[in-house]
Amino acid sequence: MLNGTEDEEKWLAEGIAGIQHNAFYMHRALDSNNLREALKYSAQMLSELRTSKLSPHKYYELYMRAFDELKRLELFFKDDSKHGVSVVDLYELVQHAGNILPRLYLLCTVGSIYIKSKEAPAKEVLKDLVEMCRGVQHPIRGLFLRSYLAQISRDKLPDIGSEYEGDADTVMDAVDFVLQNFTEMNKLWVRMQHQGPGGVREKREKERSELQDLVGKNLHVLSQIEGVDLEMYKETVLPRVLEQVVNCKDDLAQYYLMDCIIQVFPDEYHLQTLETLLGACPQLQPTVDVKTVLSRLMDRLSNYAASSADVLPEFLQVEAFSKLSNAIGKVIEAQLDMPAVGAITLYVSLLTFTLRVHPDRLDHVDQVLGACVKKLSNIPKLEDSRAMKQVVALLSAPLEKYNDIVTALTLSNYPRVMDHLDIGTNKLMAMVIIQSIMKNNSCISTADKVEVLFELIKGLIKDIDGADVDELDEEDFKEEQNSVARLIHMLYNDEPEEMLKIICIVRKHTMVGGPKRLPFTVSSLVFSALRLLRQLQGQEGDIVGEEASMTPNKNFQLLTQIIESLSAVPSPELALRLYLQCAEAANGCDIEHVAYEFFTQAFVLYEEEIADSKAQVTAIHLIIGTLQRMNVFGVENRDTLTHKATGYSARLLKKADQCRAVYACSHLFWVDDQDGIKDGERVLLCLKRALRIANAAQQMANVARGSGGPVSLFVEILNKYIYFFEKGNKQITSSAIQGLIELINTEMQSDSTNPDSVADAFLASTLRYIQFQKQKGGVMGEKFESIKL
Amino acid sequence: MNYLVGAFKPPCNIFISFTDGRSRKQVPLKKENGKTVMVALFQSQENIVGEVVVIEPIHGKKVEHNGVKIELLGQIELYFDRGNFYDFTSLVRELDVPGELYERKTYPFEFSTVEMPYESYNGVNVRLRYILKVTISRNYVSNIVEYQDFVVRNYTPPPSINNSIKMEVGIEDCLHIEFEYSKSKYHLKDVIIGKIYFLLVRIKLKNMELEIRRRESTGSGPNTYVETETLAKFELMDGAPVRGESIPIRLFLSPYELTPTYRNINNKFSVKYYLNLVLVDEEDRRYFKQQEITMYRNLEAS
């Protein structure tokens, strides 16, 4: 290979030397106005271009050298005072050269002067030149020769307004000329693939791509011809260019030229000739990257549409969308081997196009998605990660455009596309959807949309068959489920009826989520339902009886069912909390039996499911706290419940916990409300019981460690005493408090071995408080007066 | 001494000139010694009028003679038979009766409407020439002879029938081409227009050229000599075409030294022209097809 390049350098150097040598003699001949010699040496110089040894790149260097020299020669030819031969004769004279390549270069050079002299119509000369150039069939040499022809004729085309414009149909001549040169050049270019030295395919393709601009320049020239108006472009230029493109059956050329057409001609031409242009696409070779071509076209058209609102009617008029859509369909149909990623990329482009051009036409979007579904359903399993990315792009595009998932939800094909994603991607997409909702704070307000939405994100909602559960990243999973939980809160409708439906749907979907998901979703759902409940309460007055289905009762049934579903999941604490929440809500609605029922459930859970002692402590406190606030219960129910609560409290594992729970129970009998229950006796009972337990704890501690137990328990109970004392519980007397203080003091002194600074400080503050109350005077001061410190 | 000098030089000089020599067209003619001289051009049926000037003998010597005559000769010379001229035309005019030459003398001569059916031709193996030969015949000593060449060219009107040459040729399953030359008869400054159409190409062609070949045959029977020259090699195509390509031909004949086609000139020789289409493949194998064309001399074009 190294040798190859070295050789090539050598040959190039030889060629350049040859050109310089002959150019030297040519210059001498030019200086002495010797036409004969000038022709002789210029032909010899041009003979250097007959080499077959150079790659296109190197050949180009050689060509440029010769090109510069030909410019000098042209100046000489132009001045007939120097050589005394008319341009017509000169035109014949150069054709005497025996070798074709020098002959044709000279002919082109003289031809350009011939046109300038206007002694013959430009079209005749051009036609002759382009015909004669057929003699060079060698691809590289032919391409360069014809590119020389294109170069020198560029400013001499009989275009409208050009000085070479003839009488009639003159633009047509210019167009014909360029088209013919283009066709021939393309043929040569394509032929390179099959001819030439048997090299490696890649090398040959690389060489060819170095030459592509020579061919493409013709199209550029065409686009520059003033006289090529839409009509002519439509009737002549495009059909003929496309004919050549299609017929050449070469993938490299087809791809490049299609792209070239799209880039060089104006947007409005494309718009008006869409059908023709697109019609060519399915006829291209299967290996042509049609999708990129079409994507570029659509990009251009989208930009055009975006450039000015005035052009939009044109798009509608020519039905750009349906044409593009059809074309894509045909291309995909025609190119069976096209990988899925290709097809989907096409759809993405089309979607982008329609989103930009017809943002109001959701049906178009849906149609694109539908087509994509159809394509995807023919593919057994989408495994290509790039294809997957494209599908995500496809699905994300409408979200980004409309910033509103609600719009996307009306697209019936949207979920069907999602079905074709693999599990990971599906989840990813679902997350994208949820994030979009969050970002835009969109509220999904109808049951139908909710149904669709959940269909979309079902990847997050439930396990999909075949998913590898082990691979799930715990953190990701949590984030996903938290998102779903957040999403549930975004579903809202002011209409209770509809809202109920929404909840039902969400329930239906989330219930299948399995044990791992339920803890995340159920609480959202429960609170959503509770919100509905409050809403109902707010409206109660107005619509009572109107909607029988919408009674709070029903709602609570639903809630029960929802929470029950948690039973399948080992998360009783959560269920307990939710029951308590519901009980409170029931309380708010004044439905005693429901509230009772919820409490019962809570207790059942407590009894059967909550085994951990710490969890029990927390749970019992929650129960007590909730129960305390309940005002719906009749005496009997309340008694049952408080009894149970107290009972459970006393049965906690640790004495300290028992003690605290029991004194907390005291509040159940003393609700500091206007019409709250105020059973001082039972309060005292509780407190005494707490004291007993504290004592027991103390003794147990003494036995166990030989030192005092937690004095703080006593201090805490003291605080309760003081609270109820203040609240006016007759059963709590100052003497009792007095006694308790003394007890504490004794205890403090006795267990000096184990000083408890926290308990000390707590006691000190408590005593200070009593002192403070005493000094405050008034009713309260009097009350406290009897306590001696 | 003077006598000696006189013995090796001809006793007197003879100049032959044409009356319309100044206005008559002169054309180059290659002589035997390789030199090219310009000589007068005539065509058949023309009057050849001029005068012969005999410069007086040196030192006033008298030259006795048996008469002075001028001959117009049309000769064919075959090189394998060198030295033997075959005169197909011979006209004689007596210029002077026997007598003595002692002073400069001018003899006008005229050959009227001379039949000169053949053109002057200078080929490989044959030459056809026209000369004026002045002879001063003498007794006992060699005659004094002077020659003057002139060239005859005859013009023919454009042929009334001039069909194109069209032909399909090929090697089975390898190469099929169809070529067309617009005419079969060309004048000397004509242009050959045509095209080659490739019907099938399975050979890696390198280039294609059109040759103009001249075939000169002399003698007859077993003594026929044929000499073929390639007068022009004109590259028509560079590189390998594919099926369906058509390659244009445009060959200007003016740069080449051609003559009209001569058929069986006086049973001595023929000159024919052929177009030879040659295709060369990458291994330098040559495939060719030869077609005869008729050349003629056209008055307007020359």
Side-chain angles (χ1 to χ4, degrees), chain A residues 36 39-40 43 46-47 49-52 88-105 107 111 127-146 180 183-184 186-198 247-250, chain B residues 175 177 179-180 182 188-213 230-258 276-284 301:
Chain A
R36 237 184 118 76
L39 287 178
K40 177 181 153 195
L46 289 165
S47 290
L49 290 177
R50 298 174 71 206
T51 178
S52 299
V88 185
D89 291 343
L90 203 55
Y91 195 69
E92 182 190 324
L93 209 52
V94 291
Q95 294 187 60
H96 292 176
N99 280 319
I100 185 158
L101 198 67
R103 180 166 76 232
L104 290 176
Y105 271 104
L107 191 67
K127 201 174 165 208
D128 189 50
L129 291 176
V130 80
E131 268 299 313
M132 291 312 285
C133 282
R134 280 175 186 275
V136 180
Q137 293 285 322
H138 184 275
I140 295 180
R141 293 196 284 272
L143 277 171
F144 276 95
L145 172 67
R146 284 183 179 275
Q180 194 179 347
T183 308
E184 293 301 323
N186 189 47
K187 281 202 262 182
L188 290 171
W189 187 44
V190 170
R191 207 183 297 165
M192 264 184 89
Q193 194 68 33
H194 316 288
Q195 286 184 345
N247 288 347
C248 76
K249 291 194 169 35
D250 176 84
Chain B
L175 183 67
I177 62 170
F179 61 80
E180 182 176 356
S182 59
L188 301 185
K189 309 288 178 194
D190 219 339
V191 191
I192 298 173
I193 305 284
K195 65 171 184 226
I196 296 114
Y197 187 71
F198 285 85
L199 298 165
L200 175 76
V201 191
R202 295 237 176 97
I203 295 173
K204 284 191 171 180
L205 292 175
K206 194 164 72 176
N207 64 0
M208 173 168 69
E209 44 189 38
L210 190 62
E211 294 177 342
I212 301 175
R213 314 186 89 197
T230 301
L231 301 178
K233 273 190 183 216
F234 190 76
E235 195 181 18
L236 291 177
M237 182 186 75
D238 171 29
V242 292
R243 211 177 71 163
E245 287 291 349
S246 77
I247 307 296
I249 305 172
R250 185 189 294 153
L251 171 55
F252 290 91
L253 296 175
S254 54
Y256 308 105
E257 286 181 21
L258 306 176
N276 192 25
L277 185 68
V278 187
L279 293 115
V280 186
D281 74 5
E282 281 186 340
E283 272 100 50
D284 282 327

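Residue numbering restarts at 1 for every chain, and letters A, B, ... go by the order of the sequence lines.
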Asker: Between chain B and each of Arg103(A), Lys187(A), Glu184(A), count heavy-atom pairs under 4.5 Å; write down the option with the most.
Answerer: Arg103(A)
Asker: Rounded to the nearest 0.5 Å, what separation is found between the CG atom of Leu107(A) and the CZ atom of Arg250(B)?
Answerer: 7.0 Å
Asker: Quick check: closest heavy atoms across Pro241(B) and Arg191(A), and the distance to 0.1 Å?
Answerer: CA-NH1, 3.9 Å
Asker: If I take atom CG from residue Leu251(B) and atom CD from residue Gln95(A), how far apart are they, to the nearest 0.5 angstrom?
Answerer: 10.0 Å
Asker: Among Glu209(B), Glu245(B), Lys206(B), Met237(B), which residue forms the greatest number of heavy-atom pairs with chain A at distances under 4.5 Å?
Answerer: Glu245(B)
Asker: What's the shortest heavy-atom distance between Val242(B) and Gln137(A), and which atoms?
Answerer: N-OE1, 4.5 Å
Asker: Search all heavy atoms of Ser246(B) against all heavy atoms of Arg134(A) and return the closest pair with its distance.
Answerer: O-CD, 3.2 Å
Asker: Please give me the minimum heavy-atom distance between Pro248(B) and Gly135(A), naming the atom from each residue.
Answerer: CD-N, 4.2 Å
Asker: Taking all atoms of both residues into account, what is the closest heavy-atom pair of Glu235(B) and Leu101(A), and its distance?
Answerer: OE1-N, 4.4 Å
Asker: What's the separation between atom CD1 in Ile247(B) and atom CD in Glu131(A), rounded to the nearest 0.5 Å?
Answerer: 10.0 Å
Asker: On a heavy-atom basis, which atom in Asp238(B) and which in Arg141(A) lie closest, and how many Å separate them?
Answerer: OD2-NE, 2.5 Å
Asker: Could you give the distance from CD1 (Ile100(A)) to CZ (Phe234(B)), rounded to the nearest 0.5 Å?
Answerer: 7.0 Å
